[in-house]
Structure formats: C-alpha cells, structure tokens
Amino acid sequence: LYQWTAEGGFVSVWSGSNVRALLEDQEGVLWVGTQGSGLLRVGITSKSALRSAGSLGIDDVRSIVQDRSGVMWIGTEGKGLIRYDNKAFEFYGSDKGCPDTRIWALWPDADGSLWVGSKGNGLIHLSGKKLQRFTTRDGLVGDVILALRGDGDGNLWIGTDGGGLGRYFAGQFVAYNTAAGLSGDIVRSIFEDRERNIWLGTAGAGLNRLKDDPFVTYGSRDGLSNNLVSSMAEDGAGTVWIGTAEGWLNRWKDGKITR
C-alpha cells in the first residue's frame, strides 16, 4: 500500500499481503482489505489489524463499504458478509439466509439497503433483516459478480465474470455484452465520474466508457499500460486514475490516457 503526495511522490504505508479493497470512512480512517492479512485500519499516525485474533477469523477481504448510517460492511472470501458498527462484528452466513460465503462486491443503496455480489450465487439485496436473491433465472447477466456500482440516476451496474455488464432499475435487468459493443465480458471494476460517465474495467479487454450509446473503448493502443483494469477513482480536479495489472497507474484527463 502506497500513499502519494505532491511533495514526496509515492511513500510505502504497508508492505504486507496483496491489497484487494480500500475505503476511506466518514471519519477519514482508511480501511484496507487484504488477501492474507485480513482487514487493516490505517489512521493518520498508526495502523491496526483486525484479523484472526479474537472472533473475526478472516484473512481474505474482497470488498468494504460504509452505508449512510456509518455501518461498515465487509465482503470476504470464505467467511461471507460481515457487519461492523464500530462495536461488534455480525456475520451473515447460511444461518441468516446468505446463499454464499464468497462475497466479492458490495454497494450501499441510497435507501439504506445493501447490494451484495457473490461468487456463484448471484445478486443479493439486504434490506433490514430481509434477504432477496436474484440469479440468471431472474434476468441477471451472470451469477459470478465481480463489481457493483450505483449511479446518480438510481441504476445499479453489475459486473460479472463472463456474462458482461448488467443494469438493474425499477425491478428490471438489462444486459450489455460484446454483442452490444462492450470490449469484453469479464467486468472487474465499475466507476461513475462527476460527469455521469460510467467507466468499466475489464479483464484483458481494456477500459470502456459509457454515457450515451455506444461504448467508447480504450486499450494499450490508446496509451493504457495494461488491458486488465482492476480499479478506478477520480480526484478533486476531475482526473480519473486507472489501476491496471503489473502495478501500473494511468491517468485519464482531457480525453487522453497517460502513465
């Protein structure tokens, strides 16, 4: 894990296991999900690990979000969904109706509910104590979900492993795949920028941008360092930062990609 500053460039913050998820919470604390070292909490002057010591018992964290009430939700590989209210951890497993212990994607809805993407058992909607599950039988594009993102228009965007991209709105699913202009059907990351563009990172087929049909695709020929896109974020100046395989960081600004 690295921190970048204009004065000092990249500074190493933590050099342990692979980082799978990052979240800055409402109090400015950085939460880090890792593969092998569980969940880390990084403050301004210190860091602490919340892992197998005690009741948590997780080593592989795949997603972290915070809902509007301040509750943290943690998706894990093998331990299911975990709720953390800054006091105690609550596990959502098969005993509470959660159909999968492999949770790779999360998105907190504006209405206070939570969308949960599983690795093989579709999409789960958690509202209060009620769980509702959607699969390909309901119109979902794929049951292995890699990414979730809500947009400013109330759509939920769903990235899958092999099924392409899905959009859920008002109880209906819409599918987008390579036949519809998407560059690849494995969608690993989804992001909405301030101009309401939807960015889609694929596994090996580059980057897609969607605002009005059709998709606009960026790849290595356009300056992208690698066609496997794992993450995206936007800074205060409107620059979109793009993380790719092999440790490369790219920058999209004024219609151009630079490294």
Could you verify whether a donor N or O on one side chain and an acceptor N or O on the other, from [X] and [Y], lie under 3.5 Å apart?
{"X": "W199", "Y": "D193", "result": "yes"}
{"X": "W31", "Y": "D25", "result": "yes"}
{"X": "R209", "Y": "Y218", "result": "yes"}

Do you know which two heavy atoms are closest between [X] and [Y], and how far apart they sit?
{"X": "G150", "Y": "L156", "value": "N-CD1, 4.2 Å"}
{"X": "V29", "Y": "V42", "value": "CG1-O, 3.7 Å"}
{"X": "L106", "Y": "W73", "value": "CD1-O, 3.5 Å"}
{"X": "D67", "Y": "Q26", "value": "O-NE2, 3.3 Å"}
{"X": "L23", "Y": "M72", "value": "CD2-CE, 3.5 Å"}
{"X": "S118", "Y": "I124", "value": "CB-CD1, 4.5 Å"}

Within this structure, what is the [atom1]-[atom2] distance for the pair [X] and [Y], rounded to the nearest 0.5 Å?
{"X": "I158", "Y": "W107", "atom1": "CD1", "atom2": "CH2", "value": "13.0 Å"}
{"X": "L182", "Y": "T202", "atom1": "CG", "atom2": "OG1", "value": "7.5 Å"}
{"X": "N250", "Y": "D222", "atom1": "CG", "atom2": "CG", "value": "11.0 Å"}
{"X": "L200", "Y": "W157", "atom1": "CG", "atom2": "CH2", "value": "7.5 Å"}
{"X": "F89", "Y": "I58", "atom1": "CZ", "atom2": "CD1", "value": "7.5 Å"}
{"X": "D60", "Y": "Q35", "atom1": "CG", "atom2": "CD", "value": "5.0 Å"}

Subject >> Worked check of side-chain contact (heavy atoms from CB on, under 4.5 Å) between I198 and I190 >> reply: CA-CA 7 Å; I198 301 297; I190 308 173; 4.0 Å; yes

Subject >> salt bridge (charged side-chain N to carboxylate O under 4.0 Å, His left out) partners of R194, counting only residues at least two apart >> reply: E234

Subject >> For R102, salt bridge (charged side-chain N to carboxylate O under 4.0 Å, His left out) partners two or more places apart >> reply: D100

Subject >> Test side-chain contact (heavy atoms from CB on, under 4.5 Å) applied to E77 and K119, step by step >> reply: CA-CA 9 Å; E77 173 69 26; K119 187 187 175 185; 4.2 Å; yes

Original post:
Which is it for L126 and L81 under the side-chain contact (heavy atoms from CB on, under 4.5 Å) test, yes or no, and what are the steps along the way?
Top reply: CA-CA 11 Å; L126 176 61; L81 176 66; 4.1 Å; yes

Using a 3.5 Å cut-off and no angle test, enumerate the donor-acceptor pairs between side-chain atoms of residues 164-177 and protein atoms at least two apart in sequence or in another chain.
{"from": "R167", "atom 1": "NE", "to": "Y176", "atom 2": "OH", "distance (Å)": "3.1"}
{"from": "R167", "atom 1": "NH1", "to": "N155", "atom 2": "OD1", "distance (Å)": "3.1"}
{"from": "N177", "atom 1": "OD1", "to": "A179", "atom 2": "N", "distance (Å)": "3.0"}
{"from": "N177", "atom 1": "OD1", "to": "A180", "atom 2": "N", "distance (Å)": "3.3"}

Original post:
Within a strict 4.5 Å, meaning less than it, do heavy atoms of the V187 and T160 side chains meet?
Top reply: no

Original post:
Given side chains that start at C-beta, do those of V116 and L123 come closer than 4.5 Å, heavy atoms only?
Top reply: no

Is it the case that the side chain of [X] and the backbone of [Y] share a donor-acceptor pair, with hydrogens and angles ignored and the cut-off at 3.5 Å?
{"X": "S94", "Y": "C98", "value": "no"}
{"X": "S127", "Y": "K130", "value": "no"}
{"X": "D185", "Y": "T178", "value": "yes"}
{"X": "R68", "Y": "A110", "value": "yes"}
{"X": "D235", "Y": "G238", "value": "yes"}
{"X": "D143", "Y": "T136", "value": "yes"}

Could you see if [X] belongs to whatever hydrophobic cluster contains [Y]? Use Ile, Leu, Val, Met, Phe, Trp, Tyr and a side-chain cutoff under 4.5 Å.
{"X": "L224", "Y": "F215", "result": "no"}
{"X": "V144", "Y": "I103", "result": "no"}
{"X": "I64", "Y": "Y84", "result": "yes"}
{"X": "V65", "Y": "W115", "result": "no"}
{"X": "L114", "Y": "I74", "result": "no"}

Original post:
Cation-pi between R62 and W104: NZ/CZ under 6.0 Å from ring centre and within 45° of the ring axis?
Top reply: yes

For a quick test of your reading: what N or O donor-acceptor pairs under 3.5 Å do the side chains of residues 251-259 make, sequence neighbours left out?
{"from": "R259", "atom 1": "NE", "to": "G223", "atom 2": "O", "distance (Å)": "3.4"}

Original post:
Can D153 and R196 be counted as an ion pair, charged N to O under 4.0 angstrom?
Top reply: yes

**OP:** State which residues pass side-chain hydrogen bond (donor to acceptor under 3.5 Å, both in side chains) with T135; sequence neighbours excluded, sorted by chain then number.
**Re:** none

**OP:** Test salt bridge (charged side-chain N to carboxylate O under 4.0 Å, His left out) on K96 and E90 and set out the steps.
**Re:** CA-CA 11 Å; K96 293 188 177 180; E90 181 180 4; 2.6 Å; yes

Side-chain donor-acceptor contacts of residues 226-233 below 3.5 Å, not counting sequence neighbours, with atom names and distances?
{"from": "N226", "atom 1": "OD1", "to": "L228", "atom 2": "N", "distance (Å)": "2.9"}
{"from": "N227", "atom 1": "OD1", "to": "S220", "atom 2": "N", "distance (Å)": "3.1"}
{"from": "S230", "atom 1": "OG", "to": "G243", "atom 2": "O", "distance (Å)": "3.3"}

